[in-house]
There are 2 protein chains.
Amino acid sequence: MREGPDIARIASLVGDPARANMLNALMGGTALTASELALEAGVSLPTASSHLSKLMEGGLLTLASQGRHRYYGLASAQVAGMIEAIIGVAEAVGPKRVRPGPRDAAMRVARVCYDHLAGEQAVAMLDRLFDRKLLLREDNEIRLSSSGAAHFSALGIGIQAKARRPVCRACLDWSVRRSHLAGTLGAAILDKIIAEKWARREKDSRAVVFSPGGKREFEKVFLS
Amino acid sequence: MREGPDIARIASLVGDPARANMLNALMGGTALTASELALEAGVSLPTASSHLSKLMEGGLLTLASQGRHRYYGLASAQVAGMIEAIIGVAEAVGPKRVRPGPRDAAMRVARVCYDHLAGEQAVAMLDRLFDRKLLLREDNEIRLSSSGAAHFSALGIGIQAKARRPVCRACLDWSVRRSHLAGTLGAAILDKIIAEKWARREKDSRAVVFSPGGKREFEKVFLS
DNA sequence: CGCATGGTTCGATCCTCATCGAAGCATTCC
DNA sequence: GGAATGCTTCGATGAGGATCGAACCATGCG
């Protein structure tokens with residue numbers, strides 16, 4: 001009977017259906033409140049609260065208090081990666097499900113992830129930015145090329161780095177399961193999409209809906 | 001309350017301490033019998049058997065029956081990857097451990113894996129045997145070269161194949177995460193190391209401790 | 001202030017599941 | 001064949017933990 005890192009403890013945290021649903025909901029990348037998570041998990045508020053404190057104690061979540069709201073989010077990319085891995089095995093083993101991620105079609109196409117764009121459109125955009133060498137892959141990081149810097153400046157998209165936050169960062173897409181662009185540049189691009197009125201945020205949802213004309217413009221600028 | 005792939009089911013399989021210990025033991029890459037796993041997990045044979053059937057049903061293990069022995073192994077690299085990910089989080093969260101695999105330094109250097117040598121020494125040895133062309137890589141298998149056969153015979157190391165068991169087999173090292181040598185040759189080499197008193201097995205542990213002189217001899221014969 | 005809203009803590013209940021001894025199969029060895 | 005070994009199944013026991021209602025804090029609003 002050997003004693004390693006306490007893998008059973010971590011796994012059992014994910015092993016409860018209510019907690020698994022909560023973590024799954026948080027895979028979208030946005031932090032959620034206790035009541036929202038209770039709804040997602042299908043349990044009462046006290047029960048959810050109990051689960052959340054366990055997940056906190058296990059180090060799987062972070063907490064940001066804002067007024068009387070308390071926003072829970074995944075603690076790290078490592079935790080998200082672990083859940084991805086578990087989901088992968090679950091999908092391989094149980095041949096039940098068809099599509100991962102949000103069931104809502106609009107959410108799969110485009111949605112907000114924290115402060116940047118996610119979904120099929122966002123994944124396609126990152127692919128194109130690599131193709132056009134505006135961004136460069138470096139190990140596991142993403143770097144802005146000199147031509148990319150010029151390009152985004154010309155579009156009026158600011159790219160100054162803030163403290164501790166990189167300009168470009170890969171963020172694993174919940175529904176597509178491939179990376180999209182995060183970081184200050186990712187956020188600035190979403191800002192521009194909203195400012196230009198190419199798309200608007202759906203009310204009470206993270207979905208981002210493009211107008212017909214806006215979609216054309218977006219594709220011309222980012223997907224051509 | 002969304003319904004995804006049954007992630008809670010998979011995670012809860014890993015979430016039991018006994019099962020976690022078993023899976024952890026199987027991360028070494030060698031398939032183990034039910035009794036060995038019961039020992040690793042610190043539970044009785046019936047309990048272990050019950051856990052193993054659950055892991056089988058969950059698709060996490062494969063089973064190879066050989067006579068009255070039943071060898072359990074991890075079902076896939078994907079499953080191993082998932083466990084790696086969970087271990088990673090557990091290590092990041094619990095600030096206790098630093099390195100993956102056995103915590104004991106002696107265990108990392110050299111230990112017994114089933115019936116052959118594992119650990120840094122064993123991985124280095126296999127590297128050298130390849131370099132010296134005493135062993136040859138063939139696809140995913142390892143073959144003894146003619147010069148190798150002569151070499152080991154001269155050392156008094158028997159190399160006859162037993163039924164169903166290959167002379168050479170690669171075995172993924174638990175701590176180093178690279179292959180070391182298993183099979184009848186791997187076992188015979190460990191036998192020689194013990195017989196020559198170059199090293200002894202630590203009591204109640206899988207660690208193998210070399211004596212100063214024995215280490216020199218071993219390095220002269222296998223690492224030069 | 002007093003009320004409403006968002007969250008947590010407490011207590012009691014209930015149920016799943018891990019555990020092991022004993023008995024039952026299966027395979028191999030003599 | 002019989003005995004020994006390896007493993008699984010059965011049955012009974014027990015403990016941990018998920019759950020929710022009710023009560024309890026905290027923040028914000030008027």
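Quick note on labels: first sequence line is chain A, next is B, and so on, each numbered from 1. Every heavy atom of this structure was used, including side-chain atoms; hydrogens, water molecules and symmetry mates were not.
For D:dT8, the OP1/OP2 oxygens have a side-chain nitrogen or oxygen of B:Y72 closer than 4.0 Å. Contact between the side-chain N/O atoms of A:R70 and the OP1/OP2 oxygens of D:dA26 is not found at any separation under 4.0 Å.
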Side chain to side chain contact (heavy atoms under 4.5 Å, CB included) between B:L13 and B:L23, worked out: CA-CA 10 Å; B:L13 282 174; B:L23 292 168; over 6 Å; no
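One can place CD of A:E57 at 11 Å from P of C:dT9, the figure rounded to the nearest angstrom. Taking atom CG of B:L63 as the reference point, atom C1' of D:dT8 lies 12 Å away to the nearest angstrom. A:L45 places its CG atom 17 Å from the P atom of D:dA18, with the value rounded to the nearest Å. Regarding B:L39, its CG atom lies at a distance of 13 Å from the P atom of D:dG6, rounded to whole Å. In this structure, CG of B:L37 is placed 14 Å from P of C:dT19, rounded to the nearest angstrom. Protein atom CE of B:M22 is 11 Å distant from nucleotide atom P of C:dA18, rounded to whole Å. Taking atom OH of residue B:Y71 and atom C1' of nucleotide D:dT8, one finds them 18 Å apart after rounding to whole Å.
Heavy-atom distances under 4.0 Å link DNA chain C to A:S49 of residues 47-56 of chain A, given in residue order.
Of the candidates D:dC20, C:dC20, C:dT8, C:dC20 carries the atom nearest the B:S44 side chain, counting heavy atoms from C-beta on. When each of C:dA18, D:dG21, C:dT19 is scored by its nearest atom to the side-chain atoms of B:R19, the top-ranked nucleotide is C:dA18.
Side-chain contact of A:T47 with A:S50: a donor-acceptor pair under 3.5 Å is absent, judged by distance alone.
Here salt bridge (Lys or Arg N to Asp or Glu O under 4.0 Å) pairs that include residues 184-193 of chain B, with residues two or more places apart or in two chains, are B:K192-B:E196.
For the pairing with B:Y72, the side-chain contact (heavy atoms from CB on, under 4.5 Å) check across B:L55, B:L61, B:L60 returns one residue only, B:L61.
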